[in-house]
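Notes to accompany the following structure.
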2 protein chains.
Amino acid sequence: MVKRHVSLKDLAVELGVSVSTVSRALKNHPDISHQLTDKIQKIAIERNYTPNPLAMGLLKAQTKMIGVIIPDIVTHFFASVISGIESVAKEKGYFIVISSSNESFEKEKESVDNLLKSRVEGIIACISQETNDISHFQRLINNEFPLVFFDRICEVLSVPSVTVNGFEAVKSIIHHFKDNGCKRIAYISGPSHLSISKNRKEGYLEGLNECGLEFNPDLLVECNLSAADASLATKQLLSLDKKPDAIFGINDTIAFAAMKVIKKHGLKIPEDIALVGFTDEFHSTVVEPTLTSVTHPTFLMGREAARLFFNIIEKESTYHEKVILPTELIIRDSSVKRNVL
Amino acid sequence: MVKRHVSLKDLAVELGVSVSTVSRALKNHPDISHQLTDKIQKIAIERNYTPNPLAMGLLKAQTKMIGVIIPDIVTHFFASVISGIESVAKEKGYFIVISSSNESFEKEKESVDNLLKSRVEGIIACISQETNDISHFQRLINNEFPLVFFDRICEVLSVPSVTVNGFEAVKSIIHHFKDNGCKRIAYISGPSHLSISKNRKEGYLEGLNECGLEFNPDLLVECNLSAADASLATKQLLSLDKKPDAIFGINDTIAFAAMKVIKKHGLKIPEDIALVGFTDEFHSTVVEPTLTSVTHPTFLMGREAARLFFNIIEKESTYHEKVILPTELIIRDSSVKRNVL
DNA sequence: GCAAATAGCGCAAAGGTTTGCACAAAGGTT
DNA sequence: AACCTTTGTGCAAACCTTTGCGCTATTTGC
C-alpha cells in the first residue's frame, strides 16, 4: 500500500535528535545551532517531509477548510463564483469543501450539519430557493460561527454578504426597454421570498414608475428558476389577451427558456417581443438572437465573499460588511427594435 | 469568538468518568453498563457532541478526502463530473477537494503537490491540455498512491480510468454526415497529444474509410480547446478553396465557436455546412440551429471515477479497471440537410 | 466461605506537531 | 575556584480519539 508520510519523528530517529529539535530547526529557531539546522533541513527536503495538517489542525484547532454551500454546481454562475472563492482561499492556504443543496431546503440543512461535522472554519453560502426558514443559519450566528452569504441572502440576518446591484440593473433594463418603444414589459421572477427576487422586483416597479408606465400584475409572473417552470411562465404571458412586448427574465436560464417558447409561438425577437436576461452566461452570444443581459461579476463575487470570510476569522471583526457589486447592461440583438432606432 | 467544539473529555469531566468510558459508551460497547451508556449518550446529544475528524484522521491515518484535479471548473462538463464524484463520495462519507489546473501544466503539478500536502487519500484527475510530461503522476504511481483518470487519460500509465467511446461515437457522426450527403468532412481537433484527440481522430479516419471517403489533411485542424482558437481554426477551414460541407468539433464549445464563424461568413447551417459537436451541453438546444451532438454521460462518468477510486482504497485491488462509457448521437437541426432526406 | 470468573471501569499509548520549561555543558565573570 | 550566563538540546503536555490491558469490586461455583 501507500508509503506512509514521513514525520518529524522519522527524521528525529534518523538523525538521533529529539522531535522538538527537528521541529525548531525547520522553522529556523535561533535556539538550534546553525550546523544542526542545516543538516536537519537538508534531510527534511531529501525525505520530502511535509507537516501533517491533521496534527496541526488538532493542535491549533483549525482545519484550514471553508465550507461552501451552493444550490447547484452545474451552472456557469455558481461554478464561476466557486472559482473566485477558491482563488483567494488558495492564496491563504485554505481549501474549500463544496456541498450542493440542489435547491433543496432539507439538503441545505444537511449540508450545514455535515460541514460543521467536518470542522470547517466557516461557511460561505447561497441559500436554496426553497429556503424560507433560516433557523439553521441563525444557529450558526448565535454561536458566532463565521458565515458569509452571497447573491441570495437573508436580509433579516446580520451577516456579511455580497450581492449585486439588482435594483439599479433592473431599472436600467426597463429604461432600455422603454427606449426601444416597449410599453408592456413583463417580468419573470423567481420565488418571491428570495432576496434577489424582491430586490429586482423593486427595480422593476421603480423602473416602470420612472418611465411613466403603469404596473400590470398580469405581467409579473413567478417561476422556480427552472427552465421547465420558466417555459410555463412564458406560455402564461403569451396567452394574455394583451401580450407583453418585452420580457425580462430574472436570469439567463429563464431567458433562454423564454426564448424557446417565444420562437415556438412564431413570434419574433425582438420585433414582437424584446427579451433581456441577467447574469450573462457564456452562451448569451451564441443563441439567436444574441441575448441582451446584465453582466454579473461572478468571479469577483466569489473573491469578495472569500475576502469577507477572512475578514471575520482574521481580524475577528464584528462589523458586518455588505458588499454590493456593480453590473453592466450588455445590449445585444434580443432587445433592440431596429425600427425605433 | 467561536465556541469550541465539545470533546469526549468535556463530557467525561462533566460526568466524572474517564474519556475511554465515554468513547466506549457512545459506541455501545458491552463493557459499559446500560445505565451509564444511556446517561452518556443522552448528554452527548444534549451537548451536541460530534467526533473530531482531525483526531480520527490522525489515529486512523486517513483524511476522508479525495483530491480532484480538473482543467476548468467553469464548464458544464467538469461541473457535472464533479457533481457525480461528489455524489458517491458523500455516500461513502468522503468529501472532495477540488483543484483546477486551468489547463496549465505548471498548475497541474502544483495541484498534485498541494493535494499531497493536504493528505488526500487519492486523486481523481483529468489532465490539462498542456500536459505532455507525466512524471508528476508517475511519481504517485511509483508510491502506489491511489489515482484515477477520467476523460483525458495517460494511455502509457497503468491506472484505472473512465472514458467515453469516442472512436465509435465519431464513426457514427461520419456516417451521419455521409447519410446527409456530406463529402468534405472537416474535423476540428484538440491538441494531438491528448488521448481524446487521438481516439476521436482514429474514429474520424475509420469513419471516412468505412464511408468510402478519402482523408484530406486540409480538413483536419487542431485547436487548443478554447473558443478563440476554435474560431481561428474554423476560419482556416472556410478559407480553403474547397470548403468543407461538414464540420465536426471535438466538443460543444468548439462547435459553438465554429457556428458563430460560419454564420458570420454568411454560410447557412446545415445547408452549406453541417455541424456536429460533442458532449451535449445544456445550451445545445437553445442555439440556432439546434446543435447535433453526442451525449456524454458526465454525471455517470464522475460516479464511475469515484467508484474506481473506492475500489482501490477499499479492496486494495491492483487490477486497473478501464471503464468505457457509451455515448449517443443526438440529431438536431445543425446537421440534417432537408433536401437529402 | 473460599477461589475463580466476570462485569465495569480507568490507564496509557499511539498518531504528529508545537512550545514552555528544565537541563546540561560551555563559556565568561569576579 | 565558585558562580552566573549563555547556548543548545530534550522532556512533556496539549490537541482528541481509540483500544489493549490492568485493576477492582461483585457475582458465581463448589
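In this text, all values refer to a predicted model and were calculated from it rather than measured experimentally.
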Point to revise | Side chains of A:I124 and A:I85 in contact at under 4.5 Å (non-hydrogen atoms) | key: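 Yes - at least one pair of side-chain heavy atoms lies under 4.5 Å apart.
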Check your understanding: Can you find a pair of side-chain heavy atoms, one from A:Q138 and one from A:L157, that are under 4.5 Å apart?
Key -> yes
Point to revise | Heavy atoms from other residues, nucleotides or ligands near CD of A:Q35 exceed 12 (cutoff 6.0 Å) | key: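 12 or below, so no.
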Practice item. Evaluate whether atom NZ of B:K90 has more than 12 neighbouring non-hydrogen atoms of other residues, nucleotides or ligands under 6.0 angstrom away. Key: yes
Please give, in whole Å, the distance from [N] [atom2] to [X] [atom1]?
X     : N      : atom1 : atom2 : value
A:N28 : D:dT9  : CG    : P     : 14 Å
B:H34 : C:dC9  : NE2   : C1'   : 15 Å
B:D38 : C:dG8  : CG    : C1'   : 15 Å
B:I32 : C:dT6  : CD1   : P     : 18 Å
B:I40 : D:dT17 : CD1   : P     : 13 Å

Practice item. Would you mind pulling out the nucleotide paired to C:dC23, Watson-Crick or G-U wobble, both distances under 3.5 Å? Key: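 In the structure as shown, C:dC23 has D:dG8 as its Watson-Crick or wobble partner.
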Point to revise | Pair B:E321-B:R307, salt bridge (Lys or Arg N to Asp or Glu O under 4.0 Å): steps then yes or no | key: CA-CA 11 Å; B:E321 193 176 344; B:R307 186 180 64 76; 3.2 Å; yes
Check your understanding: Of A:K322, A:E304, A:H320, which is the lone residue that meets side-chain contact (heavy atoms from CB on, under 4.5 Å) with A:S161?
Key ->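 Only match with A:S161 under side-chain contact (heavy atoms from CB on, under 4.5 Å): A:K322.
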Revision key, fill the gap. 5' to 3', nucleotides 15-22 of chain C under a 4.0 Å protein heavy-atom cut-off (B base, S sugar-phosphate only, - none) gives BBBBBB--
